[in-house]
Amino acid sequence: QVQLVESGGDSVQAGGSLTLSCVVSGYGVINNCLGWFREAPGKDREGVALIDGGYRIRLADSVKGRFVISKNRAKNTLYLVMHNLTIEDTAMYYCAASGVADDCELTSAWFNSWGQGTEVTVSS
């Protein structure tokens, strides 16, 4: 079974930084397209970042220059490093895995496995 477990969510001040982690279980899944999504109150689910099997990265415009997605294959762990956080980054953050290794898009339709979420709250 594919399992993804997020951690690292916290309450932080605007301008601060936070790192989220996602342990990816399932044979070879760490090599698939992996992504981070978020859901804020009153907003649709938003794709934040993805990294595919070739280490190609895509970031949402809203987080470019502030967030970094990376992974450690040996540790089966996906990361999202968030800098210069704003109150608009407040959301439940989910990691997700696709069934393909490459040529994926930062939309939820491409991802079939999801974590339970970790909450990020940014205060003024």
Side-chain angles (χ1 to χ4, degrees):
Q1 294 289 327
V2 177
Q3 290 187 323
L4 302 97
V5 181
E6 306 96 334
S7 63
D10 205 352
S11 179
V12 299
Q13 291 288 117
S17 298
L18 196 63
T19 298
L20 307 182
S21 299
C22 174
V23 178
V24 181
S25 300
Y27 188 80
V29 178
I30 192 68
N31 299 313
N32 288 4
C33 287
L34 304 171
W36 288 96
F37 294 78
R38 65 187 182 186
E39 291 184 8
K43 297 183 179 180
D44 295 332
R45 180 175 295 184
E46 176 187 19
V48 176
L50 70 78
I51 181 168
D52 71 12
Y55 289 86
R56 287 177 287 272
I57 291 169
R58 183 170 297 176
L59 297 171
D61 289 342
S62 60
V63 305
K64 286 181 179 177
R66 299 191 298 122
F67 290 12
V68 177
I69 186 171
S70 64
K71 67 182 180 183
N72 186 319
R73 291 198 297 137
K75 295 182 177 180
N76 285 330
T77 303
L78 174 73
Y79 304 96
L80 183 68
V81 181
M82 304 181 292
H83 293 120
N84 196 25
L85 287 160
T86 74
I87 58 173
E88 293 183 341
D89 295 315
T90 295
M92 185 72 71
Y93 284 72
Y94 300 89
C95 62
S98 175
V100 302
D102 300 292
D103 202 24
C104 56
E105 301 293 331
L106 191 57
T107 60
S108 60
W110 281 91
F111 295 83
N112 59 347
S113 299
W114 297 83
Q116 295 299 307
T118 187
E119 188 172 12
V120 174
T121 302
V122 184
S123 302
S124 300

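All values reported here derive from a predicted model rather than from experimental measurement.
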TODO: For the pair Phe67 and Leu85, evaluate side-chain contact (heavy atoms from CB on, under 4.5 Å) and give the outcome as yes or no after the intermediate values.
DONE: CA-CA 9 Å; Phe67 290 12; Leu85 287 160; 3.9 Å; yes
Task: Check: Tyr79 main-chain N/O paired with Trp36 side-chain donor or acceptor under 3.5 Å - done: yes
- [ ] Could you tell me the separation between the OG atom of Ser70 and the CD1 atom of Ile51, rounded to the nearest 0.5 Å?
- [x] 6.5 Å
- [ ] Answer yes or no: does atom CZ of Arg45 have more than 12 heavy-atom neighbours from other residues, nucleotides or ligands under 6.0 Å?
- [x] yes
TODO: Heavy atoms only: give me the nearest Cys33-Asp52 pair and the separation to one decimal.
DONE: SG-CB, 3.5 Å
Open item on the list: Quick check on the hydrophobic clustering: are Val100 and Leu50 connected, directly or via other members, by side-chain heavy-atom contacts under 4.5 Å?
Closed with: yes
Task: Cluster check Val122, Phe37: I/L/V/M/F/W/Y, side chain < 4.5 angstrom - done: no
- [ ] Kindly work out whether a path of hydrophobic side-chain contacts (I/L/V/M/F/W/Y, heavy atoms less than 4.5 Å apart) joins Val29 to Ile69.
- [x] yes
TODO: May I have the step-by-step check of side-chain contact (heavy atoms from CB on, under 4.5 Å) for Leu78 and Leu80, ending in yes or no?
DONE: CA-CA 7 Å; Leu78 174 73; Leu80 183 68; over 6 Å; no
Task: Nearest heavy-atom neighbours spanning Thr118 and Gly8 - done: OG1-N, 3.9 Å
Open item on the list: I'd like to know if the side chain of Gln3 reaches the main chain of Ser25, judged simply by a donor and an acceptor atom lying under 3.5 Å from each other, with no hydrogens or angles considered.
Closed with: no
Task: Exercise: identify the closest heavy-atom pair between Lys71 and Asn31 - done: NZ-CA, 4.0 Å
- [ ] Would you kindly say whether Ser62 and Glu46 are connected by a side-chain donor-acceptor distance under 3.5 Å?
- [x] yes
Task: Criterion side-chain hydrogen bond (donor to acceptor under 3.5 Å, both in side chains) against Arg66, the qualifying member of Thr86, Asp89, Asn84 - done: Asp89
Task: Single-linkage hydrophobic cluster Val48~Ile57, side-chain heavy atoms < 4.5 angstrom - done: yes
Open item on the list: More than 12 heavy atoms of other residues, nucleotides or ligands under 6.0 Å from CD of Glu105: yes or no?
Closed with: yes
Task: Verdict with reasoning, Met82 to Val63, per side-chain contact (heavy atoms from CB on, under 4.5 Å) - done: CA-CA 8 Å; Met82 304 181 292; Val63 305; over 6 Å; no
Open item on the list: Set out, in order, the CA-CA distance, both residues' side-chain angles and the distance that settles side-chain contact (heavy atoms from CB on, under 4.5 Å) for Glu39 and Tyr94, then state yes or no.
Closed with: CA-CA 8 Å; Glu39 291 184 8; Tyr94 300 89; 4.1 Å; yes
Task: Gln13 (side chain) donor-acceptor with Ser124 (main chain) under 3.5 angstrom - done: yes
TODO: Please answer: with hydrophobic residues joined when any side-chain heavy atoms are less than 4.5 Å apart, are Val24 and Tyr55 in the same cluster?
DONE: yes
Open item on the list: Donor-acceptor check, side chain of Ser98 to backbone of Trp110, threshold 3.5 angstrom: yes or no?
Closed with: yes
TODO: Please report the closest heavy-atom contact between Arg38 and Ala91, naming both atoms and the distance.
DONE: CB-CB, 3.8 Å
Task: Atom of Gly99, atom of Asn112 and distance for their closest heavy-atom approach - done: N-OD1, 3.6 Å
TODO: Would you please name every residue forming a side chain to side chain donor-acceptor pair (under 3.5 Å) with Gln116, sequence neighbours left out?
DONE: none
TODO: Compare every heavy atom of Ala97 with every heavy atom of Leu34, then report the nearest pair and how far apart it is.
DONE: CD2-CB, 3.7 Å
- [ ] Taking Glu6 for its side chain and Cys22 for its backbone only, find out whether a donor-acceptor pair lies under 3.5 Å.
- [x] no
